[in-house]
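Read the numbers this way: they start at 1 and go in the same order the structure lists the ligands and their atoms. Both backbone and side-chain heavy atoms feed into the values below; hydrogens, waters and symmetry mates do not.
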Amino acid sequence: MKVTITKQCMGDRNCNELCPEVFEYDEDLLKSTIKLDKIPEHLKEVVRKAAEECGAKAIIIEE
Ligand code: SF4
């Protein structure tokens, strides 16, 4: 699984709160970024949840 965040991110940090192992807030860009190139098995479910909950639909998952 690979995850990217589009420019549509509105920086509400919901994904960061759900899964800080994967999502990180960039204080300069005022958007979230991805810390890992490849998502480990045990974090996939929470990453899918973050994508579903993202109000900006900015989290893109490639399985
Ligand atoms: S939940 Fe979506 S809009 Fe909110 S910080 Fe994460 S990627 Fe950005």
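- Put simply, the side chain of K31 never gets that close to the backbone of Y25: no donor and acceptor are under 3.5 Å apart.
- Residues passing the salt bridge (Lys or Arg N to Asp or Glu O under 4.0 Å) test with K44, sequence neighbours excluded: E41.
- Looking at K49 and E53, a side-chain N of the basic residue comes within less than 4.0 Å of a carboxylate O on the acidic one, giving a salt bridge.
- In this structure, E24 and T33 have side chains that are in contact, with non-hydrogen atoms separated by less than 4.5 Å.
- With waters left out, the protein N, O or S atoms under 2.8 Å from atom 8 (Fe) of ligand 1 add up to 1.
- Counting non-hydrogen atoms of other residues, nucleotides and ligands closer than 6.0 Å to CD of E45 gives a total of 12 or fewer.
- Between E62 and K38 there is no salt bridge, since no side-chain nitrogen of the basic residue lies less than 4.0 Å from a carboxylate oxygen of the acidic one.
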